[in-house]
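Structure first, commentary second.
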2 protein chains.
Amino acid sequence: MSTIAKAMELLDFFSLDRPEIGLSDFHRLARRDKATTFRHLSALESAGLLEQNPTTRAYRIGPAVLRLAHMREVTLPRRAGLRVALPRLAEATGETAHASLLDATGLTTLAHHEAPQYSARVVLHEPRLPLHATASGIAALAFGGGDLMARALAAMPAYTETTARSPEELAAAVARARAAGIAMSDQTFETGVTGFAAPLFDSSSIAGAVAVAAVSSRVTPELQTIILTELIKAARTISANWGGTIPPALAAAWAAQAGPETAP
Amino acid sequence: MSTIAKAMELLDFFSLDRPEIGLSDFHRLARRDKATTFRHLSALESAGLLEQNPTTRAYRIGPAVLRLAHMREVTLPRRAGLRVALPRLAEATGETAHASLLDATGLTTLAHHEAPQYSARVVLHEPRLPLHATASGIAALAFGGGDLMARALAAMPAYTETTARSPEELAAAVARARAAGIAMSDQTFETGVTGFAAPLFDSSSIAGAVAVAAVSSRVTPELQTIILTELIKAARTISANWGGTIPPALAAAWAAQAGPETAP
DNA sequence: TGTATTGGTTCATTATATAAACCTATGGTT
DNA sequence: AACCATAGGTTTATATAATGAACCAATACA
């Protein structure tokens, strides 16, 4: 593994719950030598990707990231297209809504929004979503290129009892999602969490997924109907904002899924 | 220089004018071997910091950057504090306003806003601002720690005829800024651009600078008065948004500068 | 058809990354 | 006050990973 990749893995240890990490914590979290960790952190800092809290000396995301994100958002807007749709999806379903971006290597969480209705809700903390074990991943596989499937098959850790274990099992889930226009996952990533996801498109192809992560015990047939309807609405809105068009086969599946009243 | 730092330097070649860069262009821009450049780009891509445009194969800023920026902005808001103040500063002065963040290594441009009034306006494209040659840099030196000055003296390229060349010249400019509460730079970085800057503070210390980059030929004493007044207003607002307090000496300088009607 | 350019790959050579041990400062305990 | 644990950071021989010239395949232009 390249030194560069090792250094940049350190960035993935940050989360909303852990926005600042000291040298010793990093050294333990990454299970790497302290001197090595220190030099990696220093290199990231000198590029502005990290900075040190002047009082605690702990490391946190640096200002260069803001500049880069601003640049991407101006030239290739994504977040802006979620601003309305995601909170609306969360409120309409009463569950946690989130959107992720697909690149050549997999899905990256882009934004999430928790519904305020219930105190029991799904809180997300994974920056990268495994393709084989999440509804978003299945949705991406169902409507993405074949190379994605190869990547998914390369590593299939079993997170729960119901995580797909074999290529056949995964292929079946993907086929179901392709037919329904929506991917579902029953506690395949985290126990107690049921996922529903729809693919998102930009001007060239599939670009990500929008999903609802619901508390499993709350999922009744009625709620499921609401979630599917709202998810399709959200996916249509976001894809439109991203300059994408829904493939005809998917549009037909959605029309059948949600009933004629929500057809385009 | 570390491999990590070399790889991350590649990120600085992106700008709003050049949001996508192909392998060959990168190899020329960075003056590095093509194979090396390729491996660096691939490593950045595997971390999600870059992605490839699926049609042109050119590299652009990746989705991970959005996630990191979101995380920083939630835990340590900065952009939000500029959203109102910066456009207002640009409109009130008729010139380009910008804000930058200070870290241990220097100033990073955070956001800028061009005034719509005139077609002749200053367009900024530098991601990093040199401390010794910009108004923002002088403001940072005037109100930042002594280690900053050491860093500024380490490298002092002469961008124009009027760029400070000697430590004494720089120290004089910094002293003027400290006394006035505002830094000024007459075409020290780019010919035809006059800069005015005020320091910004967060809860712990100096955190950046807000500046007006004016077309030199338009700078009359009247405009200069407007710029100084508005700049102080903007600096007060932004620092307040960032949870900062203005040091007494600076508050006094500002009160004297802008006249009693704008005193806090 | 020929030529220039693109993105990407190979492999011997060489430079850089690594990790154990060490240093210094600080905060909390006895 | 002495003690211990932990923090951030540094040193140096050793080992691993980075480098770049040459090469390949594909596309674009003329």
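Computed from a predicted structure; not experimentally measured. Below, chain A is the first sequence line, B the second, and so on; all start at residue 1.
- A/Arg78 and A/Asp202 are joined by a salt bridge, as a carboxylate oxygen and a charged side-chain nitrogen come within less than 4.0 angstrom of each other.
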Side chain to side chain contact (heavy atoms under 4.5 Å, CB included), that's the test. Do B/Met156 and B/Arg165 meet it? Break it down for me. CA-CA 7 Å; B/Met156 294 182 47; B/Arg165 259 156 239 267; 5.7 Å; no
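- None of B/Leu10, B/Ile61, B/Leu41, B/Leu11 except one satisfies the side chain to side chain contact (heavy atoms under 4.5 Å, CB included) rule with B/Leu49; the exception is B/Leu11.
- Each of B/Arg39 and A/Asp33 has a nearest nucleotide on DNA chain D; the 5'-most of these lies closest to A/Asp33.
- Considering only heavy atoms from C-beta on, A/Thr160 stays 4.5 Å or farther from A/Phe189 through its side chain.
- Following rounding to the nearest Å, B/Arg31 (CZ) and D/dG20 (P) show an atom-to-atom distance of 14 Å.
- For D/dA18, the OP1/OP2 oxygens have no side-chain nitrogen or oxygen of B/Thr3 closer than 4.0 Å.
- Ionic pairing of B/Arg72 and A/Glu51 is present here: one or more N-O contacts between side-chain nitrogen and carboxylate oxygen are shorter than 4.0 angstrom.
- Interface residues of residues 40-62 of chain B facing DNA chain C, ordered by number: B/Gln52, B/Arg57, B/Tyr59; criterion, heavy-atom separation under 4.0 Å.
- Test B/Ser100, B/Pro199, B/Ser185 against B/Ser136 for side chain to side chain contact (heavy atoms under 4.5 Å, CB included) and you get one pass: B/Ser100.
- Heavy-atom nearest nucleotides on DNA chain D were determined for A/Ile4 and for A/Gly22, and the one closer to the 5' end corresponds to A/Gly22.
- A salt bridge links B/Arg121 with B/Glu114: the closest approach of a Lys/Arg side-chain nitrogen to an acidic carboxylate oxygen falls below 4.0 angstrom.
- Closest to the side chain of A/Phe38, out of D/dG20, D/dA17, D/dG9, is D/dG9.
- Contact check, B/Thr36 against D/dG20: a side-chain N or O comes under 4.0 Å of OP1 or OP2.
- The pair A/Arg60-A/Glu20 counts as a salt bridge, with a side-chain nitrogen and a carboxylate oxygen less than 4.0 angstrom apart.
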One character per nucleotide, please: for nucleotides 23-30 of chain D, 5' to 3', B when the base has a protein heavy atom closer than 4.0 Å, S when only the sugar-phosphate does, - otherwise. --------
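- Of the inter-residue distances, the one linking B/Tyr59 atom OH with B/Asp25 atom CG reads 12.0 Å to the nearest 0.5 angstrom.
- You can see that DNA chain C meets the heavy atoms of chain A within a 4.0 Å-exclusive cut from C/dA17 to C/dA20, reading 5' to 3'.
- Expressed to the nearest 0.5 Å, how far CG of A/Asp12 lies from CG of B/Leu68 amounts to 7.5 Å.
- When heavy atoms are screened at a 4.0 angstrom cut-off, B/Arg28 is found touching the sugar-phosphate backbone but no base atom.
- Aromatic pair B/Phe26/B/Phe14: ring centres closer than 6.0 Å.
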